[in-house]
2 protein chains.
Amino acid sequence: MSLRHGLLGLLAEGPASGYDLARRFQEVLGQIWPAQHPKIYAELGRLADEGLIEVDSEGPRRRKAYRITEAGEAEIRRWLSTEDVDHTMRLQSLLRSLFFWLMEPDDLRRHLDDEARFFADAAARYRAYAEAKDRGDFGDSPQTRSMRITIEAAVRIYQALADWAEWAKTAPK
Amino acid sequence: MSLRHGLLGLLAEGPASGYDLARRFQEVLGQIWPAQHPKIYAELGRLADEGLIEVDSEGPRRRKAYRITEAGEAEIRRWLSTEDVDHTMRLQSLLRSLFFWLMEPDDLRRHLDDEARFFADAAARYRAYAEAKDRGDFGDSPQTRSMRITIEAAVRIYQALADWAEWAKTAPK
DNA sequence: GGCTCACATGTCCTTTGGTACATGTCCTCT
DNA sequence: AGAGGACATGTACCAAAGGACATGTGAGCC
């Protein structure tokens, strides 16, 4: 359960509403850490109950922005420095690849083309994002520097998968 | 829900018991597609109810091996060729990297060392596996050729992440 | 003034994943 | 003969994820 810590971490950057957080999850973490708004609102409620965050302001359209508390900041730091990292990935593309031998050659080629395109597009998208950051489009705070590191990981993973899909086309059937 | 199709795919290679399947999931797909035995037995029951698999043989120690049926093979093929791939990954390492700015430099360095080591070890483990396959240690069936492709993906992803962790150490804080 | 759209928050229900617990069986070693 | 360990299957429960549905609000435009 690290949605909890994902929210705390984002709130450590500054106050935000559930809506804001849902959008940030979607934009930055799209495929890498999906989170739907129902889960986010529910978790925010729980975090507030436990005193890890508190209501910062209420705005128009029932908007409710939260702010991290000292207890919350202590908790996210504790998580970052003492909890073990969960390294599971659950990549459906890899699970499927185990069963390529069941596919017709034509289907497989099409599939690998689609996969290569998808991963190359994703890599390109994150690469563009990285370049914008390097140009300074988003300023140069510690937060953006961390984000730059995250983006770099995304670029490298997607590029590795794109290369893999291309390589797989040449592998003996 | 692709545990279902993971099981069907593995059973397409030949009859196996829940225990066998749990071990194969653990060995080959360890971090890439974890599955606990309770889920596996439950899913096997459902697959049998739906006629996608059937009991092949009963052995000592209550062992029950299943065999894929024609309907089951049709279903796995249908899944492979017509269902969209789910590309979500949920990599906790990347989520955490967003919050590196909250960590003390010493903690962060230690963390990146651990991450680099973990990913490099994983890459090495899969690389050794790949080499054994290339030497022909596991024969040369279509199934092992598909497995070789899966392993190649694992090698590339883990290597990319290991390189990333090393790179992150040099990135400006 | 009314329409539409983005903003904003939530409930409810189903599926999936994971942990704990429980049980039975055969083999090997001492 | 007995102990321990790997083999083998399951139940029960809880946490997490995801989709469907519902509702209210302010801004901009025609």
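Note that these values count all heavy atoms, side chains included, but never hydrogens, waters or copies made by symmetry. Protein chains get the first letters and strands the later ones, always in sequence-line order, with residue 1 at the start of each.
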N/O donor-acceptor pairs under 3.5 Å from side chains in residues 132-139 of chain B, not counting sequence neighbours:
| from | atom 1 | to | atom 2 | distance (Å) |
| --- | --- | --- | --- | --- |
| D134(B) | OD1 | R148(B) | NE | 2.8 |
| D134(B) | OD2 | R148(B) | NE | 3.4 |
| D134(B) | OD2 | R148(B) | NH2 | 3.2 |
| R135(B) | NH2 | D137(B) | OD2 | 3.1 |

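Under 3.5 Å, the side chains of Q31(A) and R90(B) contain no donor-acceptor pair of N or O atoms. Between the side chains of H5(A) and E75(A), at least one donor-acceptor pair of N or O atoms lies under 3.5 Å. Of the N and O atoms on the side chains of S93(B) and E115(B), at least one donor lies less than 3.5 Å from an acceptor on the other residue.
With sequence neighbours left out, the ring pair (Phe, Tyr, Trp, His ring centres under 6.0 Å) criterion links Y158(A) to Y126(A). Not a single side-chain hydrogen bond (donor to acceptor under 3.5 Å, both in side chains) links T69(A) to another residue, sequence neighbours left out.
A nucleotide of DNA chain D counts as in contact with chain A when one of its atoms lies under 4.0 Å from a heavy atom; the first and last such, 5' to 3', are dA16(D) to dA27(D).
Backbone-only contact: R63(B) has heavy atoms under 4.0 Å from sugar-phosphate atoms and none from a base. Backbone-only engagement by R90(B) is indicated by non-hydrogen atom pairs under 4.0 Å involving sugar-phosphate atoms exclusively.
Note that the two end axes of the helix from dG1(C)-dC30(D) to dT30(C)-dA1(D) enclose an angle of 20°, each drawn from 5 base pairs, rounded to 10 degrees.
Remark: Q36(B) is in phosphate contact with dG18(C), judged by side-chain N or O atoms under 4.0 Å from OP1 or OP2.
Grouping Ile, Leu, Val, Met, Phe, Trp and Tyr by side-chain contacts under 4.5 Å, direct or through others, puts Y19(A) with Y41(A).
Taking CD1 of I40(B) as the reference point, atom CD of E43(B) lies at 10.0 Å (rounded to 0.5 Å).
When the P atom of dG17(C) is taken as reference, atom CZ of R4(B) falls 12 Å away, rounded to whole Å. Across the protein-nucleic acid pair, K64(A) atom NZ and dG10(C) atom C1' stand 9 Å apart, rounded to whole Å. Atom-to-atom, OH of Y66(A) to P of dA8(C) comes out at 14 Å; the value is rounded to the nearest Å.
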